[in-house]
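Report on the following structure.
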There are 4 protein chains.
Amino acid sequence: MEQIKQTILNKVIRPRPLHSYKGNYGRIITIGGNYNLGGAIIMSASACVYAGAGLVTCATDKHNLNALHTRLPEAMFVDYSDFSDLLENLTKADVIVLGPGLGLDKLAQNICQLVLSNLSLDQLIIIDGSAITLLAANPGLLTYLKKGQAIFTPHEMEWQRLSQIKIADQIPLKNKQAQLKLGQTVILKKYHTEIYHPECDTPHQLTIGGPYMATGGMGDTLTGVLAAFLGQFSSAPLTDVIDAAVYTHSAVASKLGVNNYVTLPSAIIAELPHFMNCTIKE
Amino acid sequence: MEQIKQTILNKVIRPRPLHSYKGNYGRIITIGGNYNLGGAIIMSASACVYAGAGLVTCATDKHNLNALHTRLPEAMFVDYSDFSDLLENLTKADVIVLGPGLGLDKLAQNICQLVLSNLSLDQLIIIDGSAITLLAANPGLLTYLKKGQAIFTPHEMEWQRLSQIKIADQIPLKNKQAQLKLGQTVILKKYHTEIYHPECDTPHQLTIGGPYMATGGMGDTLTGVLAAFLGQFSSAPLTDVIDAAVYTHSAVASKLGVNNYVTLPSAIIAELPHFMNCTIKE
Amino acid sequence: MEQIKQTILNKVIRPRPLHSYKGNYGRIITIGGNYNLGGAIIMSASACVYAGAGLVTCATDKHNLNALHTRLPEAMFVDYSDFSDLLENLTKADVIVLGPGLGLDKLAQNICQLVLSNLSLDQLIIIDGSAITLLAANPGLLTYLKKGQAIFTPHEMEWQRLSQIKIADQIPLKNKQAQLKLGQTVILKKYHTEIYHPECDTPHQLTIGGPYMATGGMGDTLTGVLAAFLGQFSSAPLTDVIDAAVYTHSAVASKLGVNNYVTLPSAIIAELPHFMNCTIKE
Amino acid sequence: MEQIKQTILNKVIRPRPLHSYKGNYGRIITIGGNYNLGGAIIMSASACVYAGAGLVTCATDKHNLNALHTRLPEAMFVDYSDFSDLLENLTKADVIVLGPGLGLDKLAQNICQLVLSNLSLDQLIIIDGSAITLLAANPGLLTYLKKGQAIFTPHEMEWQRLSQIKIADQIPLKNKQAQLKLGQTVILKKYHTEIYHPECDTPHQLTIGGPYMATGGMGDTLTGVLAAFLGQFSSAPLTDVIDAAVYTHSAVASKLGVNNYVTLPSAIIAELPHFMNCTIKE
């Protein structure tokens with residue numbers, strides 16, 4: 001496996017061109033957060049805004065409107081059960097996050113169906129959490145994806161559901177085979193997260209981060225950083241952009257972990273603008 | 001074009017007279033924030049309070065009540081679909097912000113109609129975002145405006161709608177002609193924002209700020225700073241007050257941009273009281 | 001007039017006895033905050049908690065529940081239109097704040113009637129904002145007050161309504177006469193606020209503070225500090241406690257005013273625990 | 001009595017194993033927070049997340065959804081009146097907090113019944129506040145508890161209700177007898193809190209902390225720290241884990257008390273990750 005090095009940050013996070021505007025940094029829609037799991041999609045959207053995305057819309061259960069606006073007035077709101085509104089906003093997006101806190105019920109299934117069946121070729125989609133479980137249960141939806149259009153972010157159990165490889169058998173060789181069959185990027189979240197890129201024979205491995213990250217919401221936060229990076233660093237190779245996003249997420253946590261027993265997603269999110277600025281100064 | 005210089009801050013932001021009270025610093029109403037775009041008007045109202053306005057009322061969709069009070073207990077709330085209540089509060093205001101997150105639907109149109117047709121001669125109004133688009137579509141509403149009573153804050157596409165000048169053709173000469181015809185101040189938001197004052201032949205140009213400001217909500221925040229400056233610095237020339245507000249907004253962002261890859265509206269808002277204090281100490 | 005000096009702080013704000021618990025520091029209820037003015041009572045309750053009150057309940061419009069708990073999870077909530085619940089909590093209180101953001105409608109009138117007519121002899125009540133206007137319009141309610149039981153916190157217009165003295169005629173001699181007739185403490189909020197104590201021939205005057213305090217919500221915040229001081233410093237003379245609360249409120253603002261053009265109520269509230277600690281260390 | 005010493009922190013709060021994930025740090029459910037007392041359960045859940053619990057679900061009145069997600073997007077939400085959903089989440093938990101802000105009404109009684117009657121043998125439960133009062137009134141529920149499975153956190157009046165020992169008579173000997181009869185751990189909150197462990201003849205006593213802690217919500221916060229410690233330090237002796245949690249709660253307050261006249265629960269919660277990190281560095 002190939003270790004992701006800190007130098008990936010400088011390759012991807014570049015000083016912004018002076019003459020640019022928010023339209024240059026991506027229009028993102030994050031979709032998830034049911035009645036019980038609203039915090040998940042709020043953390044995803046927040047990470048996305050704080051990591052520099054141009055415009056962020058959060059499609060979620062209507063009960064989450066106030067918490068979203070309170071934590072993140074910078075984001076727009078869509079009631080995800082209003083499929084006409086959801087579709088309209090979906091169409092405008094450059095990058096889609098599907099899954100944080102989405103749940104597994106009929107509405108969640110219908111949202112997955114709507115999103116997957118309406119993707120356009122130039123959109124990128126990050127598929128996380130319960131959306132992975134739903135696609136594993138309904139693999140026909142995978143056929144809507146153009147090769148390399150999606151980034152899956154499973155933890156080991158979700159990867160088992162999607163790849164049919166038992167956790168104990170998830171060795172790089174088998175994971176790579178399953179990823180090739182899937183035709184999409186796979187970020188396998190675990191101790192020393194592994195990234196299987198369609199373009200790379202060898203998986204990339206993250207060796208930073210630590211057990212201070214073992215707390216709820218960490219994966220939701222990663223989806224937001226990924227989306228922001230995909231939205232704004234579209235001129236860099238996709239492989240590098242994904243590696244840099246995953247590295248950034250854990251590097252911020254490492255920095256906070258020096259002084260905190262547990263590094264909460266909220267704290268990681270708040271630190272993103274400063275951390276990203278430090279990388280361009282080094 | 002004439003560059004706006006930092007010295008404008010000292011001309012406008014003056015030490016407050018010792019013997020003064022909140023009534024001296026303007027009564028502002030910010031109107032906008034529909035069901036989907038509540039964050040926009042919350043950012044406008046917040047910037048207004050933090051930039052020193054005396055009293056701020058936020059008229060918005062009723063779903064935004066809690067997010068407003070949570071982020072900004074200093075502001076009062078009006079349900080903008082309650083036209084009797086809206087009108088009553090409108091009448092009391094010195095300065096009106098119309099447009100952030102207002103949207104384009106029938107209710108938004110009716111609100112524009114109500115606000116424009118009930119302006120009194122001594123009120124100033126900042127017209128932003130979708131309100132510009134609505135007035136462009138219904139130019140009859142422009143006749144309610146006394147010459148020089150309004151400040152329009154379009155980005156280039158909104159200016160195209162209002163002025164009928166295509167973006168590629170938006171050169172100072174043509175912009176000035178359109179502004180003269182409009183009879184109002186125009187703040188054309190773009191790389192190096194241009195301000196067309198009714199009183200000035202040459203547009204004023206902002207040369208500070210940077211690409212860290214390329215994020216959603218930046219324009220909403222500007223409307224709040226403008227309103228606060230109009231409300232509290234009413235003894236300075238209007239031209240200077242507008243220039244100082246636009247300059248302040250970007251100067252705060254510049255200051256934060258030294259340490260942050262992206263300068264979020266929330267962060268700019270929080271920094272306003274300190275920044276304005278620094279200017280009077282220099 | 002007698003100037004309130006900084007030494008009042010050390011007379012009132014004392015190191016807490018080691019062996020004490022929250023019951024020793026007062027049970028406060030703050031009543032106000034209608035559908036439009038929820039922020040007012042949230043600021044009052046927040047100042048109360050941050051200034052050291054033992055237990056704080058906020059009785060307000062039901063729409064304000066979430067904003068209250070989000071800003072101040074330390075406070076309890078009562079829907080003030082549920083008179084049975086309101087009365088039950090009222091009865092338990094040592095100190096009552098009535099008025100911030102209460103409004104003037106029929107419900108507000110009924111709440112005033114309920115509160116005044118159910119006071120017990122050992123309770124103290126702070127009457128602020130619209131509650132002053134309502135009592136001025138319905139002076140029969142004043143008869144429910146035991147001499148010296150209430151602290152009125154009018155600004156000049158509210159004092160005119162209550163005392164029938166026109167603002168231009170509000171000189172200390174006339175104010176004192178009106179206060180004597182009223183039989184209660186009067187804190188007349190103005191440039192150099194004047195406090196008329198029942199026990200003192202000469203009004204006490206506040207000469208600190210400044211125009212950075214000229215912003216909405218400042219008076220609401222004062223009511224919370226007053227209530228907290230009355231609740232926890234009950235062994236000091238009432239005159240001193242009131243003077244110390246008024247002084248503290250402006251002293252915190254002065255401290256923040258060194259670095260901020262405007263000192264927002266939220267910022268003052270957050271600084272209270274640190275400021276009060278500094279006084280006991282000097 | 002045996003004083004709890006600072007060394008307990010190093011015995012319990014250990015550097016996390018590198019190869020670990022959130023599942024290793026406990027799945028907690030906090031149950032409470034009725035329509036009036038939502039802040040209590042939010043503080044409990046927040047303390048739990050900030051003290052390092054792996055996954056936290058908050059079961060509460062549906063009105064508290066937004067305040068919960070706004071303050072703590074890291075937590076999941078359950079409407080506690082939906083017994084099917086509550087039961088499902090209850091079953092998954094390693095540690096349960098029952099009581100903060102629960103109230104005493106019929107619904108609260110039914111929730112206590114549901115929780116107690118569905119405990120599994122390997123779950124730990126912290127019983128606080130009104131849940132103690134409810135169990136005192138309905139002692140049949142106590143029979144559902146396996147010996148040593150519960151930690152009760154009464155203040156003196158709640159302990160009187162549960163133990164039938166009048167406050168004046170609550171001497172260690174009698175308290176120990178009552179605790180032995182109860183068969184559970186008792187944390188008797190008072191000046192110098194006493195902990196009665198089933199395994200220890202002598203009560204353990206907390207001698208740190210101070211009167212800056214005399215404010216509402218302090219006990220709610222303790223329940224969260226306790227739950228987090230039970231969830232993540234399950235390999236240490238239960239006695240030590242409980243002592244360390246109680247010590248940590250007051251030690252954080254002491255640290256903040258150096259600079260604050262009152263140490264609010266919100267401030268204590270925010271400091272937990274940093275404090276716990278300091279202990280492993282000493």
Side-chain angles (χ1 to χ4, degrees), chain B residues 13-28 45-46 48-59 62-79 82 85-86 88-89 228 231-232 248 269-281, chain C residues 33-47 60-72 100-101 103 155-157 189-193 207-221 224 253 256-269:
Chain B
I13 307 173
R14 304 297 310 157
R16 291 183 162 190
L18 286 180
H19 195 143
S20 61
Y21 76 112
K22 64 186 171 189
N24 299 118
Y25 301 115
R27 188 180 272 268
I28 321 290
S46 298
C48 196
V49 167
Y50 280 72
L55 269 172
V56 178
T57 298
C58 182
K62 65 177 183 292
H63 289 87
N64 300 322
L65 181 152
N66 257 295
L68 174 70
H69 283 333
T70 305
R71 286 199 74 86
L72 192 71
E74 289 86 356
M76 292 164 282
F77 165 80
V78 168
D79 174 354
D82 177 341
D85 202 12
L86 177 56
E88 188 187 324
N89 280 279
Q232 77 192 292
T248 293
I269 290 164
E271 179 63 19
L272 283 163
H274 180 241
F275 177 87
M276 290 174 68
N277 191 63
C278 290
T279 69
I280 59 172
K281 294 211 165 152
Chain C
N34 66 14
Y35 181 58
N36 295 109
L37 306 170
I41 203 65
I42 293 173
M43 289 186 283
S44 175
S46 299
T60 183
D61 184 282
K62 65 177 183 294
H63 290 87
N64 300 322
L65 180 152
N66 257 296
L68 173 70
H69 283 332
T70 305
R71 287 199 74 87
L72 191 71
H155 54 54
E156 292 162 295
M157 177 52 71
K189 295 181 296 192
K190 48 180 291 202
Y191 178 70
H192 288 181
T193 286
T207 55
I208 62 166
Y212 36 79
M213 296 174 74
T215 188
M218 206 48 75
D220 307 316
T221 304
L256 298 176
V258 174
N259 290 311
N260 293 283
Y261 191 73
V262 61
T263 56
L264 296 178
S266 308
I268 292 174
I269 289 164

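Just so it is clear, the model here is predicted, and its values are computed rather than measured. In what follows, chains are A, B, ... by sequence order, proteins preceding strands, each numbered from 1.
B/Leu18 touches chain C through backbone and side chain together, each having a heavy atom under 4.5 Å away. Both the backbone and the side chain of B/Val49 come within less than 4.5 Å of a heavy atom of chain C. Using a 4.5 Å cut-off between heavy atoms, B/Asn24 does not touch chain C at all. For B/Ala67, no part sits under 4.5 Å from any heavy atom of chain C, backbone or side chain. Using a 4.5 Å cut-off between heavy atoms, B/Tyr50 touches chain C through backbone and side chain atoms alike. Of the atoms belonging to C/Ala40, it is backbone heavy atoms, and not side-chain ones, that fall under 4.5 Å from chain B.
The candidate from C/Leu65, C/Asn66, C/Thr70 with the greatest count of non-hydrogen atom pairs under 4.5 Å with chain B is C/Asn66. Between chain B and the options C/Met213, C/Arg71, C/Lys190, C/His63, the largest number of non-hydrogen pairs under 4.5 Å is found for C/Arg71. Residue with the most contacts toward chain B among C/Gly217, C/Gly101, C/Ala267, C/Ser266: C/Ser266 (heavy-atom pairs, distance under 4.5 Å).
The closest side-chain heavy-atom distance from C/Pro211 to B/Tyr25 is below 4.5 Å.
Atom CG of residue C/Leu37 and atom OG1 of residue B/Thr57 lie 8.5 Å apart, to the nearest 0.5 angstrom. Rounded to the nearest 0.5 angstrom, C/Thr215 OG1 and B/Lys22 NZ are separated by 8.0 Å. In this structure, B/Met76 CE and C/Asn36 CG are separated by 9.5 Å, a value rounded to the nearest 0.5 Å. In this structure, OH on C/Tyr191 lies 9.0 Å from OG on B/Ser20, to the nearest 0.5 angstrom.
A distance-only check finds a donor-acceptor pair linking the side chain of B/Asn277 to the backbone of C/Val258 [under 3.5 Å].
In this structure, B/Phe77 and C/Tyr35 have perpendicular ring planes: the angle between them is above 60°, well past the 30° mark.
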| query | Yes or no on side-chain contact (heavy atoms from CB on, under 4.5 Å) for C/Glu156 and B/Tyr21, after CA distance, side-chain angles and deciding distance? | reply | CA-CA 11 Å; C/Glu156 292 162 295; B/Tyr21 76 112; over 6 Å; no
